[in-house]
Structures are given as C-alpha cells and as structure tokens.
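All values derive from a computational prediction rather than experimental measurement.
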Amino acid sequence: MAQRLVLRRLLSLSPRTLPPQGPLAQRAPLAPHGRAFGTSAGCRNTFNVQDGSDFQDRVVNNPKPVVVDFHAQWCGPCKILGPRLEKMVAKQEGKVLMAKVDIDDHTDLAIEYEVSAVPTVLAMKNGDVVDKFVGIKDEDQLEAFLKKLIGA
C-alpha cells in the first residue's frame, strides 16, 4: 500500500518539480514560472492547474469562459466524465477553455470553491462561477451546459 502511494505521488509530480535529465536538459529552457514551453501548432483548450496563482492567472483572470473540472485520480466517474468533457470543449473551437484541478493536489481550491464531491464542474466567466454540476452528464447535457456558458 505504501509503495502504491509513493508511486502515485511520484507519477503526479509536475514537470517543473523534476530536475531536467538527458542530453536535451541543457537545451530545453524553462519559462520563468518553471513550466516548459513549446511551439506546437494550434491552441490547447485544456490544461492542468499547477497551483493557486496558476488558477488565478489562467482561470479567474481569463477573458474567455472556462470550465473547471474538479476531479481525482481514484474517482471512477471522473475517468468517464473527463474525456467526454474534453471532447465537448474541443468541439467549441476555442470559445471556451477547460481547466483540470486534481482535488488531492489542490485541496485549497476545492475548499474555496465548495467542492464536496467529485466530479464537480464549474462554469466560470469573468472570474465568477455562473453554473455548476456534480456527477456524470451525457454529451447532450454537456453540450447544453457549454452553449449556455458561451451564450450560443
């Protein structure tokens, strides 16, 4: 049991907490805030929240509407809802973004936003929570949730 916990913690470490290794370590610069950056084509609609200030910058202060998925690695329904929600957000073609918050890593955010069960999904616009649901939804319900958020 202890080995599984250690392994889970190790696997959940973000890239910025691991030291650079290998021949590219010298050539792969990190951004000032500790996250690696790249030049991939296209915009990413989904991202993992790194910490409270990252949440503030990328969710609360974002001019676009953001769907916040509070989940946990051990949560079965989260494993079903997460990919389904990502797919529906991708269909919106950049009109809405999706932030993923692991409640085990960011309990402070879960407490602040009164998350008492997972999965909990918040719809945020201009830093305010405008809608919310708890549990699994089918694709039609998710599409209606997103359209309401973006005003379509």
Side-chain angles (χ1 to χ4, degrees), residues 1-18 30-31 33-152:
M1 182 70 173
Q3 291 173 336
R4 283 178 44 197
L5 289 173
V6 169
L7 182 59
R8 191 161 76 184
R9 269 291 166 209
L10 182 62
L11 292 175
S12 70
L13 291 175
S14 64
R16 68 182 194 177
T17 58
L18 295 174
L30 291 178
H33 44 70
R35 280 180 247 129
F37 61 89
T39 56
S40 60
C43 177
R44 290 189 57 167
N45 296 322
T46 302
F47 57 90
N48 290 314
V49 172
Q50 303 297 318
D51 54 34
S53 64
D54 185 45
F55 185 86
Q56 186 72 28
D57 292 343
R58 297 171 79 183
V59 178
V60 176
N61 296 337
N62 204 316
K64 287 186 179 183
V66 182
V67 173
V68 184
D69 176 20
F70 285 92
H71 68 281
Q73 291 179 359
W74 47 262
C75 168
C78 299
K79 292 177 184 178
I80 296 168
L81 179 68
R84 190 180 290 173
L85 189 55
E86 285 181 43
K87 177 182 167 188
M88 298 308 293
V89 166
K91 279 186 178 181
Q92 302 305 315
E93 300 175 342
K95 294 178 189 166
V96 64
L97 302 175
M98 179 175 165
K100 299 178 77 166
V101 179
D102 188 319
I103 63 163
D104 291 329
D105 294 337
H106 306 292
T107 53
D108 53 335
L109 289 172
I111 291 168
E112 182 179 346
Y113 287 93
E114 300 174 353
V115 174
S116 58
V118 285
T120 293
V121 177
L122 306 180
M124 296 187 70
K125 204 177 226 182
N126 300 322
D128 296 322
V129 177
V130 295
D131 204 356
K132 170 182 180 174
F133 71 83
V134 179
I136 295 180
K137 301 284 185 193
D138 64 29
E139 288 190 5
D140 291 340
Q141 292 169 313
L142 293 175
E143 186 172 6
F145 180 79
L146 292 173
K147 288 197 181 289
K148 181 179 171 186
L149 175 61
I150 61 176

Completion exercise
For Phe47, the ring-ring contact (aromatic ring centres under 6.0 Å, His included) test, sequence neighbours excluded, returns none
Please round to the nearest 0.5 Å and tell me the distance separating atom [atom1] of [X] and atom [atom2] of [Y].
X	Y	atom1	atom2	value
His71	Leu81	NE2	CG	10.5 Å
Leu97	Lys95	CG	NZ	13.0 Å
Ile111	His106	CD1	NE2	13.0 Å
Leu109	Asp102	CG	CG	11.0 Å

Handout entry: Nearest atoms (heavy-atom pairs only) where Glu143 meets Met88
Key = CB-CE, 3.6 Å
Handout entry: Residue pair Asp69 / Gly82: nearest heavy atoms and the distance that separates them
Key = OD2-CA, 4.0 Å
Partners meeting side chain to side chain donor-acceptor pair (under 3.5 Å) with [X] (sequence neighbours left out):
X	value
Ser116	none
Glu139	Lys87
Gln141	none
Lys137	none

Problem - Student check: side-chain heavy atoms of Met98 and Leu85 closer than 4.5 Å - result: yes
Practice task
Take the angle between the ring planes of Phe133 and Phe145 and call it parallel below 30°, perpendicular above 60°, tilted in between.
Solution key: perpendicular
Completion exercise
Those residues at least two apart in sequence (or on a different chain) that pass salt bridge (charged side-chain N to carboxylate O under 4.0 Å, His left out) with Asp131 are Lys148
Problem - Cationic N near anionic O, under 4.0 Å, Glu86 to Lys100 - result: yes
